[in-house]
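Comments concern the structure below.
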Amino acid sequence: QVQLVESGGGLVQPGGSLRLSCAASGSIFSIHVMRWYRQAPGKQRELVAAITSGGSTNYADSVKGRFTISRDNAKNTVYLQMNSLKPEDTAVYYCKVNAGMTAYWGQGTQVTVSS
């Protein structure tokens, strides 16, 4: 059983910053890719950022230059640093970890960007 615990969400003003974290624990065979998704009200869940075990990253066009994904392999933790936040970034953010032959999801954390 692999557990993902997310933290770092909250309410922030436009232009502000937040850092999300997602820590994986349990019997982990191998973590290949860690990803952040988000889902805004009335919209489909979308991929925000991804990072491989080798450190390669990719980002959705909407967050390029503003968000940074990173990982601490020793802690099995992935982070999402979010800068210059916009109201359009408001969503529930979920981490997803591919470990072994299985994908695991975090519980989600709410990010609200509002004046």
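Computation of the quantities below employed the complete heavy-atom set of this structure, encompassing side-chain atoms and omitting hydrogens, waters and symmetry-equivalent molecules. This is a predicted model, so every value here is computed, not measured.
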Quiz item: Between Tyr59 (side chain) and Gly65 (backbone), is there a donor-acceptor pair under 3.5 Å?
Solution: no

Exercise. Look up atom CD in Gln81 and atom OG in Ser70, then write down how far apart they are to the nearest 0.5 Å.
Key: 8.0 Å

Quiz item: Is atom CD of Gln13 surrounded by more than 12 heavy atoms (other residues, nucleotides or ligands) closer than 6.0 Å?
Solution: no

Self-check item: Euclidean distance, Ser62 OG relative to Asp89 CG, rounded to 0.5 Å
Solution: 7.0 Å

Exercise. Could you tell me which non-hydrogen atom of Val48 sits nearest to which non-hydrogen atom of Val63, and how far apart they are?
Key: O-CG2, 3.7 Å

Self-check item: Interatomic spacing from OH in Tyr79 to CD1 in Ile51 - rounded to 0.5 Å
Solution: 11.5 Å

Self-check item: Polar side chain donor-acceptor pair, Asp72 to Thr77, under 3.5 angstrom
Solution: no

Quiz item: With no hydrogens and no angle check, do the side chains of Asn98 and Arg35 hold a donor and an acceptor under 3.5 Å apart?
Solution: yes

Exercise. Give a yes-or-no answer on whether the side chains of Gln110 and Thr112 include a donor-acceptor pair shorter than 3.5 Å.
Key: yes

Quiz item: Taking the six-membered ring for Trp, are Trp105 and Tyr37 ring centroids under 6.0 Å apart?
Solution: yes

Exercise. Find the distance between CG (Asn76) and OG (Ser25) and round it off to the nearest 0.5 Å.
Key: 8.5 Å

Quiz item: Which pairs count as salt bridge (charged side-chain N to carboxylate O under 4.0 Å, His left out) when at least one residue sits in residues 46-62, sequence neighbours excluded?
Solution: Arg38-Glu46, Asp61-Lys64

Quiz prompt | Approximate separation, where rounding is to 0.5 Å, of Tyr93 OH and Thr109 OG1 | solution = 10.5 Å

Practice problem: Sorted by first residue and then second, give each disulfide (SG to SG under 2.5 Å) pair with at least one member in residues 85-115; sequence neighbours left out. | Solution: Cys22-Cys95

Practice problem: Flag this pair as yes if the NZ/CZ of Arg45 is under 6.0 angstrom from the six-membered ring centre of Tyr94 and inside a 45 degree cone about the axis; otherwise no. | Solution: yes

Quiz item: Under the disulfide (SG to SG under 2.5 Å) rule, what pairs show up with a residue in residues 45-85, not counting sequence neighbours?
Solution: none

